[in-house]
Asker: 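What follows is a structure written as structure tokens; I'll ask about it next.
Because only heavy atoms are used, hydrogens play no part in the values below, and waters and symmetry mates are left out as well, while side chains stay in. Labels below follow one simple rule: chain letters A, B, ... track the order of the sequence lines, proteins then strands, and each chain is numbered from 1.
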Amino acid sequence: MKTPKEECMDFEERRSLVIVKEEPDKDPDFVTEGKGKKRKRKADKTDGPSSTSEAPLDSSPKNENYPILYSPSSLPSASIHAKSDPFVSMGLIKAFASDAFVPKKKKKKSAEEGQGNSATVKKKKNKDKKEKVIKEEGECSVSTKKKKTKEEIQAARALKIKKKEEEEKQRWRWWEEEKYEHGIKWKFLEHKGPYFPPDYQPLPDDVKFYYNGKAVKLSLPAEEVALFFAQMLDHEYTTKEVFRNNFFRDWRKEMTLEERQLIMDLNKCDFGELHTMHKEKVEARKNMSKEEKLVNKELNQKIVEEYGFCVLDHHRERIGNFKIEPPGLFRGRGDHPKQGMLKKKIRPEDVIINCSKDSRIPEPPAGHRWKEVRHDNTVTWLASWTENVQGSCKYVMLNANSKLKGEKDWEKYEVARRLRSCVDAIRTQYQEDLKSKQMGTRQRAVALYFIDKLALRAGNEKEEGETADTVGCCSLRVEHITLHDTLDGQKCVVEFDFLGKDCIRYYNKVPVAKRVFKNLKLFMENKQGGDDLFDRLNTQVLNKHLSSLMPGLTAKVFRTYNASITLQQQLKELSNMKDNVVEKLLSYNRANRAVAILCNHQRAPPKTFDQSMANLQAKIDSRKEQLDLAKKELKQAKKEAKGSSDNKLLIVVEKKKKAVQRCEEQLLKMEVQATDREENKQIALGTSKLNYLDPRITVAWCKNMEVTLDKIYNKTLRDKFAWAVDMTEQDFVF
DNA sequence: ACTTTCACTTAGGATATCTACC
DNA sequence: GGTAGATATCCTAAGTGAAAGT
């Protein structure tokens, strides 16, 4: 196998060896008008550079690696939304994500095995599983419960195993079945329709709203909306001008004529009593007795039981979001122009039901009817409605552990794996395209370079004024990047600073290939900050090109591919069979973290972070003292036992030895935990685990490292990835 | 060719629940 | 048994990308 460095050289060589072919002088891109006009505020488009020849560009730096990773020690440490607080600069570490692994061709059991013998295979598998379960149980019960009697432990264990078995039996092993013809999602679908939230309960008489100091009894609709606002008073939202204005405008629409004439100024409104009432309610909920909580839980269970499942092709499947979204105030992220607007109550008359013709059609709530009942088996949703704030459609769909979602997920990773086999050629091509005479092609090449190297999102156009101002790759504007010929000793550095999805800030300084750098300069010539960086490119153009390179290839596949290949590569690099479980898990988390950073998955640092970190440190310190003490005691005991053959003394020595060992283990565990937590302060690992990392990599790693899967995947994740858990062998390679 | 619509994935924060510890 | 902190689940907003409409 090649070393990473050799890999890198290969890539460089491949690129420099490519013969530069001059394109014919025709350039259709220069003739046609630029891209669509959704973004209106853009200044007049400057024409791209003329097709006069460019000085040849030097070859790029030798350490051109894909994708870029950060070392754990140089994590960003500033607030994630705020623009004012720049991140500390991030150090780069080398990573080689291209061809470090050679895939072994492995046939899918499911497809090849006939129905007949798959039964025997299944049996064997179940037996294997049973043994594994017993092993796991044995391991964890030793460390946790000690007080219970042996019988109790046994009984609990047996029950758990039985439950697992039961579940396993119930599981629909859809991945062993034949797929439907293209476009058909199901043949039979039956459900009870969505669950509607309870109606609004009017305020008690002693809770009053005041306007200008005077108590005002509001009409029911106005009161309900007032309460939405009152409930949020502790939230920052309610101080924002846009939020307040939007709320007030929509609230007034719900008022009666008299109310509207009276209530003219939000600042004169006093929601204090409503707010207090709400807080008391929350408090009361928290302080409910165990019994009350149990009753509540059972009530919820009942709702889930009734509305939370559907029948899809003979199998009972969990629905993901069977509850209609309750009315409230719209909470957009970041500077959303529509924040605070009233999200209206959804009535059955707004809801479209989708199910089988020959199923029991869901009953609308008494006195109501559905907007429509249709029977479309080319889609996966069970119900839908149009939401009033953005005018977009909302869907009721299945849970992630369902066949419909699972199959799609599996497919997603298979597409990403296919990219693996042609990514080299694609990279070679876009490196070549950087020199193209056509402006559009060059822009496409640079965008692709960013998408591949930095895992940027595609960046569809958005309608201006409808959403917060966020961008992705294709929608980057000149103001979002700064070019540095040299920065901190590095050449051709691009400084990115923009708000991406969910208004999460992307801030990064990246050395790029010289050709890329030169092109960027060119793209920015004669443009204002607000102009599109890629004025001849959009996601449709880009994806059309990508799909011509490989069927199914789109911009987002690169994110999946680079995330998964990075995990695999980092796991290989970081984990060590000789480590103990705790250390292995730290390695996994670090690999996971490298991906999260690559994909810019951030989170707000937990509010209690500093405190809990200090607490942990205190615990570590006290444990250290304990260890010292234990060591001293051991020494003493040894001294006493020396020369003596008194059994008692020897036993004491053994005991003390054990104590020291235990102390050391606990200390290590805590120290590892502290490291892990510190590195994770504002990184969210969950998103990549859930959406970007091929679960088979993790399953195989667990098998190789002899780590039980539940250390990494919780129950939900194990269910979601049941297909991968079932089919993945130790030697799986992404 | 451009715009709009539709269906579906991806995302972070809020809330509920669990667990380890006193 | 009460509590803080960790973890899981819920919630729904905000993306992607293909197809349909014009």
Asker: Between atom CD in A:E411 and atom C1' in B:dC8, what is the gap in whole Å?
Answerer: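 So the two atoms are 12 Å apart, to the nearest Å.
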Asker: Separation of A:K297 atom NZ from C:dA8 atom C1', in whole Å?
Answerer: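 Checked: the NZ to C1' distance equals 13 Å.
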Asker: Starting from C1' on B:dA11, measure out to CG on A:L499 and report it in whole angstrom.
Answerer: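 Atom CG in A:L499 sits about 15 Å away from atom C1' in B:dA11.
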Asker: Just checking, is any N or O donor in the side chain of A:N401 or A:R318 under 3.5 Å from an acceptor N or O on the other one?
Answerer: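 No pair is found: no donor N or O on one side chain lies under 3.5 Å from an acceptor on the other.
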Asker: B:dT9 P sits how many Å from A:D409 CG, rounded?
Answerer: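 In whole Å, B:dT9 P and A:D409 CG are 8 Å from each other.
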Asker: Scan A:T380 against the nucleic acid and name what it touches under 4.0 Å (heavy atoms): base, sugar-phosphate only, or nothing.
Answerer: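 Touches sugar-phosphate only.
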Asker: How does each nucleotide of nucleotides 17-22 of chain C score, in 5' to 3' order, for protein heavy atoms under 4.0 Å: base (B), sugar-phosphate only (S), or none (-)?
Answerer: BS----
Asker: Among B:dG12, B:dC6, C:dA6, which nucleotide sits nearest the side chain of A:R677?
Answerer: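 Of the candidates, C:dA6 comes closest.
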Asker: In this structure, how many angstroms lie between the P atom of B:dA11 and the CD atom of A:Q682, rounded?
Answerer: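 From A:Q682 CD to B:dA11 P: 17 Å.
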Asker: Could you tell me whether A:F322 and A:Y307 have their ring centroids closer than 6.0 angstrom?
Answerer: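 No, ring centres 6.0 Å or more apart.
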Asker: Just how far, in rounded Å, is C1' of C:dA13 from CZ of A:R457?
Answerer: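 Nearest whole value for this atom pair: 13 Å.
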Asker: Kindly state whether the ring of A:F496 and the ring of A:Y507 have centres lying under 6.0 angstrom apart.
Answerer: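 They do not qualify: ring centres at least 6.0 Å apart.
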Asker: Could you tell me whether the side chain of A:N538 and the main chain of A:Q540 form a donor-acceptor pair under 3.5 Å?
Answerer: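 Looks like yes, one N/O pair under 3.5 Å.
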Asker: Round to the nearest Å and state the distance from A:L685 atom CG to B:dA11 atom P.
Answerer: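 Rounded to whole Å, this separation is 13 Å.
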